[in-house]
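Have a look at the structure below, then the notes.
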Amino acid sequence: MNPILSEQELIRREKLTELEAAGIDPYPAALYPVSHYSADIKAGFSPDDAAQFANVCVAGRIMSINDKGKVFFIKIQDSRGIIQLYVRRDDLYPGEDKQEWDVLIKRGLDLGDFIGCKGYVFVTKTGETSIHAQNLTLLAKSLKPLPVVKRDEDGHVYDEVTDPEFKYRQRYADLVVNPDVKKIFLQRTKLVNTIRQFLNERGAIEVDTPVLQPIPGGATARPFGTHHNALDVPMFMRIANELYLKRLIVGGFDWVYEFSRNFRNEGMDRTHNPEFTVLEWYTAYKDYYWMMEVTEQLFETIALALHGTTAVKLGDKIIDYKAPFKRVTIFDAVKEHTGIDISHMNEDELRAVCGQLHIDVHASMGKGKLIDAIFGATSEHKYIQPTFIMDYPIEMSPLTKKHRSKPGLVERFELMVNGKELANAYTELNDPIDQRQRFEDQLRLMERGDDEAMFIDQDFLRALSYGMPPTSGIGIGIDRLCMFMLDQVSIQDVLLFPMMRPENFGE
RNA sequence: GAUCUGGUAGCUCAGUCGGUAGAGCAAUACACUUUUAAUGUAUGGGCCCUGGGUUCGAGUCCCAGCCGGAUCACCA
């Protein structure tokens with residue numbers, strides 16, 4: 001606790017002492033028998049049927065106090081909204097002794113305190129549904145003033161707290177004071193629940209796989225390293241769960257999924273947090289064409305669940321998630337946006353195209369990375385409406401099955417929305433001999449200087465050797481999906497506690 | 001990592017040319033028994049992010065650092 005207290009914090013501590021001296025416990029232990037939420041009272045009450053709400057008990061945090069002398073109007077916020085309490089001195093303390101009124105109500109209450117109230121519901125002269133208090137209980141004292149944010153009838157906000165550092169570091173206060181922030185996170189939960197329901201009702205099984213892994217596999221990224229003391233071995237935080245889910249397909253599950261918290265020790269910006277969530281699922285006996293259809297259905301279902309329509313606002317754009325989505329191969333995409341057909345070019349020719357288009361290249365880049373660079377620089381950002389980009393070069397897809405009819409390509413698609421990758425899926429490589437070769441190719445890339453190439457996972461190869469049925473799998477970035485579906489420009493606004501540099505509290 | 005930008009009361013923010021630190025809300029006190037973001041009157045509240053420098057004098061100018069944000073590069 002910061003030893004330097006502000007004037008207002010000191011005053012609140014003095015009030016605490018005064019309350020205790022008067023025999024009022026500022027932090028009572030007993031449960032408080034809440035019977036109603038603010039929103040239910042406001043939605044359900046009508047003066048003609050007042051009996052139904054003649055005896056309610058609510059609890060929440062004090063958001064405003066209007067002191068009228070012998071009458072107080074107090075607004076409290078519970079988890080569902082805000083309701084006003086009408087507190088009249090002579091109703092709470094009808095006798096001669098008004099001392100507790102002075103100590104508890106007049107001097108003892110502050111913005112931010114939790115109180116409980118029993119009473120009956122009525123409508124004030126000004127038309128606000130309120131609770132006429134018959135009993136008021138202090139449930140928890142607040143010692144630190146929250147930011148004061150006010151709203152008028154038109155929804156205009158005064159003194160809104162917008163400082164990102166405050167919002168992200170003290171999300172607890174941000175949530176109290178900014179109801180729209182809370183709404184975003186409720187929507188995020190709804191999005192995740194919608195996906196769960198979608199997958200569960202189709203027979204998918206939710207599983208948990210290791211977060212601590214001896215070999216960080218399934219993606220190309222720099223991992224966080226750590227150490228297991230009892231085993232005295234290095235361990236890594238997972239960068240992807242792909243290889244574990246495929247092991248489960250080997251084991252006989254035919255549709256598994258996991259919301260995987262992944263950790264990557266790389267830069268952070270408004271679209272990247274060091275830990276982030278990816279939904280991956282793998283389905284046996286399916287291919288990437290099937291996967292495209294299910295993906296379209298899923299995105300359409302999510303948009304409808306959140307917004308009641310497939311047309312979703314994102315910045316100044318409207319993204320329409322109505323299935324089916326457009327499909328275009330990566331070579332056709334490049335041809336469309338540059339006029340150049342790179343589909344049959346070798347590495348030197350691709351390098352020449354990069355020079356012609358002023359794209360930075362590195363000597364370590366192989367054919368796959370060059371093609372990816374050309375696509376990224378010329379085409380990727382042009383796909384605003386949901387589009388499947390299909391059939392990637394084999395060099396950049398070491399876990400993907402070779403294309404059934406196009407040599408040098410694999411059966412892979414990425415879903416582009418708003419010019420960004422939202423999902424990545426393939427027909428999975430289940431040929432153990434081919435898989436070993438692909439790993440070895442990665443090793444060669446690594447030797448050539450590509451520090452993102454994959455490690456060989458011998459146990460995964462052993463699993464594939466037992467036989468894995470033909471399978472299709474997908475990974476969907478959940479944080480990014482939330483950003484797109486909830487119209488947020490920063491990943492920090494869809495993460496409750498985005499990573500921040502540790503705060504220095506002094507000493 | 002590079003560039004730009006910000007940090008002043010509990011909160012939102014002003015602060016001119018370098019010359020005694022400001023407003024609204026919040027707080028304290030008094031008045032008011034159905035109020036409406038924010039009733040009236042009075043009062044208190046400051047490590048101007050930190051450390052150096054320039055100057056008679058620094059919230060203000062210079063340098064370095066700390067903590068954010070934006071843009072760019074790389075990754076989802």
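Letters go in sequence order (proteins before strands), and every chain restarts at 1.
Less than 6.0 angstrom separates the ring centroid of F388(A) from the ring centroid of F413(A). Ring centers of F53(A) and H36(A): under 6.0 Å apart, within the cut-off. Close placement of the W101(A) and F72(A) rings is indicated, their centers lying within 6.0 Å of each other.
Along RNA chain B, the nucleotide closest to H132(A) and the one closest to I491(A) are compared, and the more 5′ of them pairs with H132(A). Toward the 5' end of RNA chain B, the nearer of the two residues I11(A) and S490(A), judged by each one's closest nucleotide, is I11(A).
Summarising the geometry, the separation between CD1 on I359(A) and P on C74(B) is reported as 11 Å, rounded to the nearest angstrom. Computed from coordinates, the N273(A) CG to A76(B) P distance equals 15 Å when rounded to whole Å. In this structure, I65(A) atom CD1 and U39(B) atom C1' are separated by 16 Å, rounded to whole Å. Taking atom CZ of F166(A) as the reference point, atom P of U8(B) lies 13 Å away to the nearest angstrom.
Both cation-pi conditions hold for R412(A) and Y392(A): the charged atom is under 6.0 angstrom from the six-membered ring centre and inside a 45 degree cone around its axis.
Both thresholds, 5.5 Å between centres and 30° between ring planes, are met by F276(A) relative to the base of A76(B), so the two rings are stacked.
Comparing G68(B) with U50(B), their C1' atoms are spaced 15 Å from each other, to the whole Å.
Nucleic acid contact for R12(A): none, since no nucleic acid atom lies under 4.0 Å from a heavy atom of the residue.
When distances run from any side-chain atom of E7(A) to the nucleotides C67(B), A26(B), G44(B), the shortest one goes to G44(B).
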